[in-house]
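What's counted below: heavy atoms across the whole structure, side chains too, no hydrogens, waters or symmetry copies. These numbers were taken from a predicted model, which means no experiment stands behind them.
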Amino acid sequence: MTRRAWTLGEEILTLFRSIGRASLLYDIQDSHSGNMAVKIRGADGADMILITATGSQKGDLDPSQICFLSATETDYGYYKASSETDIHQRILAIPGAGASMHAHTKDLSIATMDDLPKPAQPADFIPIDPLGRKHLGDHVHVDWFAVPSGSPEMAALIPKRLEDHPATVIQGHGTFVRARTLTEAFFLQCVANNAGAVVRTARKLKVDVEALRLEIQADPAAHLAYLPDAFTIDDDACCDFPEETEILREFHKAGARVFESRLSPFQTGSMSVRGVHDILYAPKASMPRDLRSPLRRLPLRPAETDTGELARHKLIYAETDFQTIMHCWLPEAEAHSHFRYPGDEAVSDRIVPVDAEGTFMYLVIPVLPPDVDEESFLKKLHEYKVVVVRGGGVWAVGHQSLSEVLHHPSSVREICLYRIGAFEQGLDLRKMEPKKAKKW
Amino acid sequence: MSAAPFGFFGKIIEIDLTGGDARVLPLDTALVADYLGGRGLATRLFYDAVDPQCDPLGPDNVVVIAASPLIGTTAPTSARGHMVFKSPLTGVIGTSNSGGGWGHTFKSAGYDALVIKGKADSPVWIDIAPGKIEVLPAHHLWGQDIHATNDELTSGFEAGSRPRALCIGPGGENLVLYAVVGNDKNRVYGRCGGGAVWGSKNLKAIRVQGKEKIQIHDKERYQSGYDQALYLLRQAPVTKRLMRELGTAGLVELINVINMLPHRNFQDCTHRPEDLERMSGETIAKTILEKAAGCYLCPIGCQRHTRIDGDDGSTQRGEGPEYETVVLMGPDCGIYDLAAITTANYRCNELGIDTISFGGTVACAMELGERGLLGAEKEGGLDLRFGAAAELEKLAVDTAHRRGAGALLAEGSYRLAERCGRADLSMTVKKLELPAYDPRASFTQALGYMTSPSGACHLRGGYAVSLAFFGGTKEIPRFSLLQSPIAIRNMQNTGILQDSLGVCRFTGYAFGSDPWSRMLTGVTGMDFSVFRLEEIENRVASLERLFNVEAGATAADDALPPRFAETPIVVAGEEKMVSEQAQERMRRDYYSVRGWDSEGRPTRALLEDLAIAPRAGRAS
Ligand code: SF4
C-alpha cells in the first residue's frame with residue numbers, strides 16, 4: 001500500500017466544491033448521492049485519482065472528503081473513497097479520460113425506465129434534442145443491474161460502455177460519464193438529464209416520442225435546426241473585458257440565473273451584448289455563480305472562424321437594432337415544439353400562454369420549423385422578441401440589457417410549465433387560450 | 001396618390017399667414033407608411049416646406065403640427081399633436097409635443113396635419129372645425145396670458161362640443177427664445193421656443209372643434225394591443241403608483257439617490273436631504289396638492305393641481321410644479337423653497353415660457369453673478385446670487401415681458417453667458433438648457449444630450465435616466481462606453497415612436513413597441529410591424545439630422561459644456577465625469593450606429609437605404 005499526503009490544492013478543492021454544489025442545485029444529486037473523480041499527475045510523476053468520499057454531501061464537501069488514491073492500485077485512500085471507486089478507476093483508465101462522474105439524473109432515469117420482467121436488457125435511450133444528440137451521440141446505452149450500486153458487474157460493464165460513449169445509464173439509478181475534465185463531466189451529466197427531461201416532457205404532452213425518434217434517426221437534419229458548438233475545456237477562465245465591470249456583472253448575474261432557473265443546462269446556450277464594433281459574447285451562457293465560463297470580446301463583423309452559434313448572434317445584430325441576445329436550450333420549450341393539439345395533424349406553430357402573466361406579456365411564442373429561413377427567423381424575433389426553433393432552442397432579443405433578454409426564456413419556461421400542467425390534468429388548452437392569440 | 005388609410009382622414013391644412021390663405025391638401029398614404037404621424041409626419045412635412053437656412057423668427061420659418069393614426073381611438077394617452085419648427089433658441093430643429101386634449105380635438109375636426117407658413121401683418125388666430133378654416137384678427141387676445149386666451153376662446157359652448165385652444169402668452173408675443181405654446185391652460189409644447197416662432201408670425205391661437213370619427217380596420221387586433229398596454233400600465237410601479245400619487249416630482253428624492261440631481265448650475269449634485277424633502281413629491285402631495293388628474297385618455301394621471309396660500313390670505317391656483325421645474329428653478333438655483341418655485345412656475349405657465357430653460361438660464365445668471373462676471377448686465381438689473389428665492393416670480397414675469405433683467409434672461413443662458421465672455425458657464429447643448437439630470441451620473445444620458453436633434457432634451461435625446469432607475473429588466477449599466485451608443489439610439493428611437501404615435505413618454509415605463517404595433521396595425525390595416533416601426537424610427541432620426549446639418553449644425557455641436565468633462569461629481573463614492581475622450585468615442589460610435597459619416601452627416605447611401613426622398617426640387 002502506498003501512502004500519499006492528502007494535501008489538496010485550493011483550485012481543485014474549489015472545483016470539486018463548486019461542481020458538487022451546482023449538481024445539487026441542478027437537482028441531479030440528492031443529499032449524499034453520486035461521486036466525482038479526476039485523474040491528476042502526482043508530484044512523483046505517477047497518475048493519481050482524486051475522488052469524493054463515500055457518503056459525502058456533494059453540496060458541502062470538506063477537504064477531508066476528497067480522497068487521494070493511486071490510479072493503478074488499491075491504497076490508503078481507497079477505503080474512505082466512494083463505493084464506486086472501482087468503476088471510476090477503470091473509467092479513468094480509458095485513454096483521454098481525465099474525469100468521471102456519477103449522478104442521479106432523475107429525468108433521464110425516469111425517461112429510461114421500463115416495466116419488463118427482469119433480468120432484461122433495456123432499450124437504448126435515443127435523444128430527440130440537439131444538445132443530447134451532439135454531446136451524447138445518437139443513442140445512449142441503458143443497462144439493468146441486479147445490484148445497481150457499486151457492484152462488480154457495474155465495474156465490468158460501465159467502463160466498457162464508456163469506451164466509445166461519453167455517457168451511460170444504469171436503469172433506475174443514474175448516469176456515469178467519462179470526460180476530459182470534471183467541468184466537462186458535469187456538463188455531460190446536465191446534458192444527459194436535459195435529454196431525459198425533453199423526452200419526459202414530450203410524453204406528458206402526448207407527443208409520439210417513439211415515432212419521432214424513428215424520424216430523427218432516419219433524417220436527423222430534417223428535425224434538428226443545427227447542432228450546438230463543440231464543448232471546449234480549456235478556456236473557462238478567459239475574460240476579454242475585465243474593464244467593463246458593469247457589463248461583466250450583468251453577464252455573471254444573467255449566467256447564474258440561466259443555470260439556476262434551469263433555462264439551459266450547465267455551460268450551454270449563449271448570450272451577448274453588442275457594442276458598435278465588438279460583441280461581448282458568452283459562448284457558454286449557463287454558469288453557476290462560482291463556476292466561470294469564457295467571456296469573449298470579438299469583432300462584430302463575421303469571421304470565417306465563427307462557430308455556428310456565434311455566427312447567428314452576428315447575423316441578428318447585422319440585421320436588427322437589438323443590443324442583447326440570449327439562446328437557451330430550454331427542455332420544456334424543446335418538448336413543446338413537437339406538440340400537436342388533439343386531433344390535429346400538424347405540429348403547432350405557436351405556444352399560446354394560458355397563465356395570467358404570460359397571457360398579457362406575450363400574445364404567442366412562435367414555434368419555427370428547424371429549416372426556418374433567416375428572413376422569417378429575424379422577422380419573428382423582431383415581432384415577438386422570443387421564438388422557439390424546433391430542434392434549435394429558444395432565441396430571445398433585447399433592446400437594452402441582458403436582464404431584459406433573460407426575461408424571455410424565463411417567461412417561456414413558465415408559459416410551457418402552465419400549459420404542460422393544464423394538459424396533464426386533461427384540461428382543454430384551446431378553451432383556455434385567449435381569443436386574441438388567433439390573430440398573431 | 002392613393003386613398004386615405006383607416007386611422008387617417010387624408011387631409012392636411014396649409015395656411016399661409018402672409019396672405020391669410022388656407023387650403024386643404026390630400027395626405028399621401030405613402031407618407032403615412034414611411035413617417036407614421038406626429039413627429040415623423042410633421043418632420044417630413046416640415047422638411048419639405050422649409051428652407052433650413054431661414055431665420056427662425058422670420059416669415060420663412062414653418063410650423064407643422066401633426067396627429068397620428070392612433071389619435072381618435074381609445075389608445076392610452078393618445079391625444080398629443082406634435083409640433084416641428086426651426087428653433088430660434090438653437091438654430092436647429094425644434095420638436096415638441098404636449099399632453100392635454102388639443103391634438104385629439106384637432107383630429108376630430110377631420111384633419112391629420114397643419115402646416116403654417118408666412119407671417120401675418122397683425123395678430124391673428126385660426127379657427128378650425130369640420131368644413132371651416134378661418135384666419136381671424138386677434139387684437140383682442142394679444143397681450144393676454146395663456147389662461148385668459150384659453151378661456152376667451154373656449155367658453156360659452158355646450159358641454160360635449162367645447163373647443164380646445166392652443167395659444168401663446170406674452171412670452172411668445174415678446175419673442176422670448178424659449179417661449180412655449182400652451183393648451184388646456186397648463187399643458188405646453190415646452191421646449192425650443194415654438195411660442196416665439198408663433199409670436200414672430202403674429203399667430204396668437206388655434207382653436208379646434210369637431211366630432212369626426214376615424215375608422216378602425218381590425219378591431220380585434222387593435223383590442224389585443226390595447227388590452228396588453230392597459231394591463232402593463234396598471235402593473236408597472238411607476239405608471240400605476242408613483243406618477244399618480246406623487247407626480248413627476250416624485251422623482252426628486254429618487255434621482256438624488258443616484259447622484260444625478262443638479263445643484264447650483266450643475267456645479268455638483270450634493271444636497272442636504274432635509275432641503276430636498278421640503279420640495280419632494282411627497283411634500284407636494286401633503287401640502288399644496290388639491291387634486292391629481294390626467295391628460296385626455298391617460299390612465300396614469302401625473303398632473304398636479306395645486307394651490308398656494310399667501311401670508312396675506314390670498315390663494316393662487318395652478319398646475320405643478322413638475323420634477324424638471326422643481327429642480328431647475330430650485331436646487332439648480334440653490335433654492336429649496338417650494339412656494340417660491342410653485343408661484344414662479346404658475347407665472348411661467350400663464351405667461352408662456354419654458355420652465356426648464358428659464359430655470360437653467362437663471363441658474364447660469366446666478367453663477368455669473370457670484371463670480372462677478374456680470375458687468376453691463378448689472379445695469380439691466382441682473383445681479384443675482386444662488387438661493388434668491390424671492391426674486392424668482394418677478395424674474396419670470398419680467399422675462400416673459402422682456403423687462404429689465406428679463407430682457408437678458410429671455411435670450412437663454414448661452415447668449416447671456418457668451419455676452420459675459422463665459423459661454424462655458426451655460427449648461428446647454430446646442431444652446432438648449434439641460435434638463436434636471438446630471439450627465440456625469442450616466443454616460444448614456446450624456447450621449448443622449450449630445451446627440452438629441454433639438455439640443456439637450458431628455459425627451460428627444462433619450463430618457464436614459466428612466467432606465468437607470470426604473471428600467472426593471474431593461475436597466476443598463478450607467479457608465480459603459482460600449483453600451484451607451486446603441487442603448488441611447490434605441491431609447492431615442494422609442495421616443496420617436498411615441499412622439500409619432502402621439503402618446504406620452506411615460507407609457508415607456510410600462511411597455512415598448514409591441515402593443516403599439518398591434519394597435520396601429522389594427523387601426524390602419526397597414527403593416528406597422530415592429531420591424532417596420534424600427535425603420536420609421538431610423539428614418540425620422542436621420543431626416544432630423546439631415547435638416548440640422550443643412551441648417552449648419554456640425555459634430556462640434558454634439559458636445560457637453562466643458563464643466564462635465566473637467567469637474568467630477570461623486571457617484572456611489574467614485575468620482576465621475578464625461579471626459580473629452582469619452583465624449584469623442586461615444587460620439588464617433590453613435591454616428592457609426594446611426595450610419596452617419598465621421599462628421600455626423602447622413603450619407604447618401606443611408607438616405608437611399610432609408611428611402612428618405614430629397615426635398616421636392618432638390619437633390620439630397
Ligand atoms: S402621464 Fe402625465 S403627462 Fe403623460 S399623459 Fe398622463 S397626465 Fe399627461
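For chain A, the option among B:N490, B:D227, B:N538 with the highest count of heavy-atom pairs below 4.5 Å is B:N490. Between chain A and the options B:Q235, B:Q223, B:R489, the largest number of non-hydrogen pairs under 4.5 Å is found for B:R489. By number of non-hydrogen pairs under 4.5 angstrom with chain A, the leading residue of B:D514, B:T521, B:V593, B:T494 is B:D514. Among the candidates A:E250, A:E243, A:K379, A:E357, the residue making the largest number of heavy-atom pairs closer than 4.5 Å to chain B is A:E357.
Between A:V273 and the options A:T324, A:I279, A:I325, a side chain to side chain contact (heavy atoms under 4.5 Å, CB included) holds for only A:T324.
For A:R274, the parts lying under 4.5 angstrom from a heavy atom of chain B are both the backbone and the side chain. Heavy-atom distances place both the backbone and the side chain of A:E383 under 4.5 Å from chain B. Only the backbone of A:Y362 comes within contact range of chain B, with at least one heavy atom under 4.5 Å from a heavy atom of that chain. In this structure, no portion of A:L406 lies under 4.5 Å from any heavy atom of chain B. In this structure, chain A has a heavy atom under 4.5 Å from the side chain of B:L232, while its backbone stays farther away.
In this structure, B:R440 forms no cation-pi arrangement with B:F479, as its terminal cationic atom is not both closer than 6.0 Å to the ring centre and no more than 45° off the ring axis. Cation-pi geometry between A:R262 and A:Y26 is satisfied (NZ or CZ under 6.0 Å from the ring centre, within 45° of the ring normal).
Side-chain N or O atoms of B:R532 include none that pairs as donor or acceptor with a backbone N or O of B:S517 at under 3.5 Å.
For the residue pair B:W596 and B:T603, no side-chain donor N or O sits within less than 3.5 Å of a side-chain acceptor on the partner.
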Go through the steps for A:V388 and A:H336 under the test side chain to side chain contact (heavy atoms under 4.5 Å, CB included), then give the verdict.
-> CA-CA 9 Å; A:V388 177; A:H336 206 304; over 6 Å; no
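Centroid-to-centroid, the aromatic rings of A:H408 and A:Y384 stay 6.0 Å apart or farther.
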